[in-house]
Amino acid sequence: MHDPFFAPYPPLAELVRPYTERLNLNSLHLHIHEVLLAFITYHIIFLLSPAFSSVLFPKHYPQLKARTRINWDVHVVSLVQSTFISGLALYQIFADRERSAPMELGGEHRVYGYTPLGGATAAFALGYFVWDLWMSARYFDVFGIGFLMHALSAVVVYALGFRPFLNFYGPTFILFELSSPFLNFHWFFDKLNLTGSKYQLYNGLALLAVFFSCRIVWGPIQSFYAFRDIFDAYNNPPLTAEEGVVVPAWLVTIYLASNVVLNSLNYYWFSRMIDAVRKRFVPAKKEKKVLAANAEEVVVEGTEVKIPPVVGAEKKEL
């Protein structure tokens with residue numbers, strides 16, 4: 001399926017082509033304009049967030065500390081990005097007929113295949129993670145080393161997809177982002193003094209359901225299929241350039257390691273999220289008003305999730 005956004009801008013594509021081909025990112029020059037568009041768009045949203053947030057939440061946003069306002073604005077961008085990229089990935093899965101062809105042609109086509117729509121989806125994801133990496137470095141004192149390394153690893157993995165490599169599986173793993181809007185709303189409810197409210201309860205239940213479905217169930221299954229194809233391609237290298245390129249061992253190692261780490265983190269984050277939601281909602285007979293400032297914080301995918309202490313019991317160490 002053709003790229004539904006914009007055709008490559010020839011002067012820009014030819015300008016970067018020698019560099020992308022030197023890095024073996026052979027399809028990146030066709031989508032570099034979308035990477036830049038995503039980066040610029042998300043930064044504009046970040047710059048506009050203080051004005052809109054002050055109007056929408058005049059009693060809360062202006063009262064936040066400076067570092068918390070930066071965090072808020074980054075969460076606004078994350079909310080927009082995760083909603084957009086999830087919708088785009090779903091659109092590609094159901095509408096991109098070129099993508100469905102590898103299901104019939106075999107695993108090597110799922111490993112080496114490329115479609116313009118798949119490239120566009122990956123480019124918008126890459127543009128966001130480049131922006132995320134820049135913000136993590138710029139505000140290192142706010143986000144710390146974990147956030148920086150997460151952004152760096154995402155940039156590397158999505159950039160390597162432009163060899164092209166595993167474009168078929170790109171949208172399936174992007175669907176991990178389906179849980180991110182709920183995670184962002186969870187964070188916003190804390191800052192809006194809605195910790196423990198029914199809104200946060202409903203959102204928390206939705207967060208657990210979606211996170212479990214797309215990251216605990218869907219993710220490992222798709223990882224199995226992806227690495228089955230990768231190892232098949234690695235053990236049966238193409239005989240000619242027309243059939244594809246040899247999958248180097250270092251590339252297999254990077255994808256295998258990053259996938260194992262991410263899936264392991266998903267299980268860890270899910271257990272922490274269950275803790276976070278469970279400890280917020282105590283039985284009515286024990287319920288008391290708890291100040292958000294007294295809550296513990298854990299980090300789920302780079303987002304702080306506040307956990308008020310359980311009323312009438314000792315606070316457990318997490």
Side-chain angles (χ1 to χ4, degrees), residues 1-3 20-21 23-31 85-86 88-126 129 150 153-179 212-267:
M1 184 175 181
H2 70 280
D3 189 330
T20 58
E21 289 186 345
L23 295 171
N24 288 322
L25 305 178
N26 301 301
S27 61
L28 181 56
H29 70 284
L30 299 174
H31 299 280
I85 203 67
S86 297
L88 184 57
L90 287 169
Y91 174 71
Q92 182 190 351
I93 289 173
F94 290 108
D96 192 353
R97 294 183 178 179
E98 291 180 61
R99 178 183 178 275
S100 62
M103 293 299 293
E104 303 172 359
L105 295 176
E108 68 275 10
H109 294 277
R110 292 191 290 272
V111 174
Y112 305 120
Y114 161 83
T115 70
L117 178 55
T121 304
F124 279 104
L126 178 59
F129 285 118
H150 178 271
S153 61
V155 168
V156 171
V157 169
Y158 276 96
L160 289 174
F162 285 95
R163 293 176 67 90
F165 185 68
L166 293 183
N167 274 193
F168 175 86
Y169 288 101
T172 64
F173 290 116
I174 285 176
L175 290 185
F176 280 13
E177 291 295 306
L178 283 171
S179 62
F212 178 80
S213 300
C214 67
R215 297 193 183 220
I216 305 302
V217 178
W218 170 265
I221 293 174
Q222 295 305 312
S223 295
F224 169 79
Y225 289 136
F227 279 98
R228 183 189 60 182
D229 288 340
I230 290 175
F231 284 116
D232 183 61
Y234 179 74
N235 293 321
N236 300 280
L239 300 177
T240 65
E242 288 74 16
E243 294 179 2
V245 296
V246 175
V247 178
W250 64 265
L251 187 59
V252 175
T253 302
I254 287 177
Y255 271 80
L256 177 60
S258 62
N259 196 273
V260 169
V261 169
L262 181 56
N263 278 313
S264 299
L265 284 173
N266 284 333
Y267 285 107

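A distance of 8.0 Å separates OG in S223 from CG in L262, rounded to the nearest 0.5 Å. In this structure, the separation between CD1 on I85 and CG on L178 is 11.0 Å, given to the nearest 0.5 Å. To the nearest 0.5 Å, atom CG of residue N167 and atom CZ of residue R110 are 14.0 Å apart. In this structure, OG1 in T121 is found 10.0 Å from OH in Y91, a value given to the nearest 0.5 Å. Rounding to the nearest 0.5 Å places OH of Y267 at 8.5 Å from CZ of F212. For the atom pair L30 CG and L25 CG, the distance stands at 12.0 Å (nearest 0.5 Å).
With contacts defined as side-chain heavy-atom distances shorter than 4.5 Å, the pair N26/T20 does not qualify. At a threshold of 4.5 Å between non-hydrogen side-chain atoms, the residues L23 and L28 do not count as touching. The shortest distance between side-chain heavy atoms of P171 and F94 does not fall below 4.5 Å.
Looking only at distances, a side-chain donor or acceptor of R215 sits under 3.5 Å from a matching main-chain atom of F176.
What you find for A89 and I174 is that their closest heavy atoms are CB-CG2, 3.7 Å. Among all heavy-atom pairs drawn from G219 and N263, the shortest one is C-OD1, 4.2 Å. Annotation for Y114 and S27: closest pair CE1-CB, 3.9 Å, computed over non-hydrogen atoms. For the residue pair A123 and F162, the shortest heavy atom distance occurs at N-CZ, 3.6 Å. Closest approach of W218 to T172, counting heavy atoms only: NE1-O, 2.9 Å. For the pair A233 and Y112, the tightest heavy-atom approach, listed with the atom from each and the gap, is CB-OH, 3.8 Å.
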Quick one, I230 with F165, criterion side chain to side chain contact (heavy atoms under 4.5 Å, CB included). Give me CA distance, side-chain angles, the key distance, then yes/no.
CA-CA 10 Å; I230 290 175; F165 185 68; 4.2 Å; yes

Hey, mind stepping through L175 and L90 against side chain to side chain contact (heavy atoms under 4.5 Å, CB included) and telling me if it holds?
CA-CA 8 Å; L175 290 185; L90 287 169; 3.8 Å; yes

Would V111 and Y234 count as a side chain to side chain contact (heavy atoms under 4.5 Å, CB included) if you check the C-alpha gap in whole Å, the side-chain angles of each, and the deciding distance to 0.1 Å?
CA-CA 10 Å; V111 174; Y234 179 74; over 6 Å; no

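The closest side-chain donor-acceptor pair between Y169 and D229 falls under 3.5 angstrom.
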Could you give the side-chain donor-acceptor pairs of residues 251-258 under 3.5 Å, partners two or more places apart or in another chain?
residue: T253; atom: OG1; partner: A249; partner atom: O; Å: 2.9
residue: Y255; atom: OH; partner: V157; partner atom: O; Å: 2.8
residue: S258; atom: OG; partner: I254; partner atom: O; Å: 2.9
residue: S258; atom: OG; partner: Y255; partner atom: O; Å: 3.1

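Within 6.0 Å of the CZ atom in F227, the count of heavy atoms belonging to other residues, nucleotides or ligands exceeds 12.
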